[in-house]
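See structure below.
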Amino acid sequence: MGRLQGKIAVVTGAADGIGHAISEAMATEGAHVFAGDIDDRKGEALVAELKAKGLAADYVHCDVSAEADIRNLIQTAVDKGGRLDILVNNAAIAIGGMPVYEMTDDQWHRLIAVNLTSVFRGCKFALPHMIRQKGGAIINMASAQGHVGLDGWTAYAGAKGAVMSMTRQMAVEFGPHNVRINSISPGTIATPMNDKIVAEQGDHIARAWVKMHPIGRIGKTSEIAEAAVYLASDAAGFTTGIDLRVDGGLTAAPRFVPDLV
Ligand SMILES: NC(=O)c1ccc[n+]([C@@H]2O[C@H](COP(=O)([O-])OP(=O)(O)OC[C@H]3O[C@@H](n4cnc5c(N)ncnc54)[C@H](O)[C@@H]3O)[C@@H](O)[C@H]2O)c1
C-alpha cells in the first residue's frame with residue numbers, strides 16, 4: 001500500500017519541474033492527483049503518462065494568478081474526489097537577476113501575484129474543506145532564497161520569506177483542526193526554471209551553483225518530491241509549521257560563489 005493511498009491531492013505548477021515530480025510521486029504513492037498548470041499540453045501529457053501506469057490523475061487548467069482558476073481547481077478535486085487531503089502550492093516564476101532599482105512595478109506585481117497571492121488563495125479555498133474533514137496537509141514551496149541572500153533576487157526572496165512566515169502562522173491557527181501546514185525550501189534544483197536562468201545569464205551561473213552546495217551538486221526534482229510525500233503522509237502526523245530545507249547544505253554554508261567574483 002502506498003504512503004498516500006486513497007488521498008486526494010492538488011498540485012499547482014504540476015506540468016513541469018518540481019511540480020511534475022511531486023505529482024508523479026504522489027500518484028505513485030496512491031493519491032489521486034489533480035494537477036493544475038497553465039501549460040495545458042505538458043499538463044495533459046503528465047496526466048496521460050500517469051494514467052498509462054494505472055495511476056489516478058486529472059489535469060485542470062489553472063493560472064495561479066487568477067482567483068477563479070484556483071477556486072475551480074480545488075472545487076474540481078472536491079467534486080470528483082469527494083474530499084481534499086493534500087494541497088501543494090508549488091507554482092512560481094523567477095523574475096530577478098537584476099538590482100532592485102531596475103525592477104519595474106509590473107514585474108514586482110506579477111511576481112507577487114504568482115508566487116505569493118497564489119499561496120494565500122490556495123490556502124483560502126482549501127482550508128474550509130480540510131477543517132470540515134478534521135484533517136489535511138498543505139505544503140507551500142518556499143526556497144533557500146528565503147533564508148539567504150543572492151544578488152538580484154530581492155522580490156523573489158521577499159515572496160518566499162512571506163510564504164514561510166504565512167506557513168508558520170497558519171500552522172498555529174489551524175493545528176487545532178488537525179490541518180498541518182509546512183513549507184519546503186529547495187536549494188538549486190535541475191528544472192526548466194533554472195535552465196532559463198542559465199540561458200539568460202550564462203554557464204558561469206551553473207558552475208557557481210554547484211560550488212554553492214556543500215554536497216557538491218545541484219538537486220534533483222525527485223529529491224524535493226520525496227520531501228513533499230513525507231510531509232503529506234501520516235508519517236509526518238506530528239510535523240507542522242516547519243520549513244524543511246532540502247538544499248544540499250546551501251543554507252548551512254557561508255556564501256561562496258568564486259565564479260561570480
Ligand atoms: N528550481 C529550483 O532551483 C528551485 C529552488 C527553490 C525553490 N523553487 C521553487 O519550486 C517551485 C517549482 O519550481 P520549478 O523550478 O519546478 O519551476 P519550473 O519553472 O521549472 O516549473 C514551474 C511550473 O509552473 C507552471 N507555472 C508557471 N506560472 C504559472 C501560473 N501562473 N499558474 C500555474 N502554473 C504556472 C509552469 O508552466 C511549470 O509547469 C517554485 O515555487 C520555485 O520557486 C525552485
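Each ligand, and each atom within it, is numbered from 1 in the order the structure gives.
Under a 4.0 Å N-O distance rule, the pair E223/R217 qualifies as a salt bridge. Between R71 and D69 there is no salt bridge, since no side-chain nitrogen of the basic residue lies less than 4.0 Å from a carboxylate oxygen of the acidic one. Look at E44 and K51 and you find no salt bridge, because none of the NZ, NE, NH1 or NH2 atoms lies under 4.0 Å from a carboxylate O. Between E29 and K7, no side-chain nitrogen of the basic residue sits less than 4.0 Å from a carboxylate oxygen of the acidic one, so the salt-bridge criterion is not met.
Linking Ile, Leu, Val, Met, Phe, Trp and Tyr whenever their side-chain heavy atoms come within less than 4.5 Å leaves I74 and I22 in two separate clusters.
Counting protein heavy atoms only, atom 7 (C) of ligand 1 is closest to A142 O, 3.3 Å. Shortest contact from atom 15 (O) of ligand 1 to any protein heavy atom: T191 OG1, 2.6 Å. Nearest protein neighbour of atom 27 (C) of ligand 1, counting heavy atoms only, is I38 CD1, 3.9 Å. Atom 3 (O) of ligand 1 has its closest protein heavy atom at N194 ND2, 2.6 Å. Among protein heavy atoms, atom 32 (N) of ligand 1 sits closest to V64 N, 2.9 Å. In terms of protein heavy-atom proximity, atom 19 (O) of ligand 1 is nearest to M193 CB, 3.3 Å. Protein heavy atom closest to atom 24 (O) of ligand 1, with residue, atom name and distance, is G13 CA, 3.3 Å. Among protein heavy atoms, atom 39 (O) of ligand 1 sits closest to D37 OD2, 2.7 Å.
Contact annotation: N90 has at least one heavy atom less than 4.0 Å from an atom of ligand 1. Residue contacts with ligand 1: K196 is excluded, as none of its non-hydrogen atoms falls under 4.0 Å. Under a 4.0 angstrom heavy-atom cut-off, A94 registers as lying outside contact with ligand 1. Under a 4.0 Å heavy-atom criterion, G187 is in contact with ligand 1.
Neither the backbone nor the side chain of S118 has a heavy atom within less than 4.0 Å of ligand 1. Contacts between H20 and ligand 1 below 4.0 angstrom, taking non-hydrogen atoms only, are absent altogether.
Contact check for N182 versus D243: no side-chain heavy atoms found under the 4.5 Å cut-off. The shortest side-chain heavy-atom distance between S23 and L46 falls under the 4.5 Å cut-off. Side-chain atoms of V11 and F34, non-hydrogen and from C-beta on, never get closer than 4.5 Å to each other.
Each of the following atoms of ligand 1 lies closer than 4.0 Å to a heavy atom of M141: 9 (C), 10 (O), 11 (C), 41 (O). Short contacts between ligand 1 and T188, defined as distances under 4.0 Å to a heavy atom of the residue, involve ligand atoms 3 (O). The contact set between ligand 1 and C62, taken as ligand atoms under 4.0 Å from a residue heavy atom, comprises 32 (N), 33 (C). Close approach of ligand 1 to P192 (heavy-atom distance below 4.0 Å) involves ligand atoms 20 (O). Set against the non-hydrogen atoms of D63, the atoms of ligand 1 under 4.0 Å away are 30 (C), 31 (N), 32 (N).
With S185 as reference, H147 is the one residue of Q145, H147, K160 to meet the side-chain hydrogen bond (donor to acceptor under 3.5 Å, both in side chains) rule.
When only modelled atom types and interatomic distance are considered, D106 and T104 share no side-chain donor-acceptor pair under 3.5 Å.
The distance from the CD1 atom of I181 to the CG atom of N89 is 10.0 Å, given to the nearest 0.5 Å.
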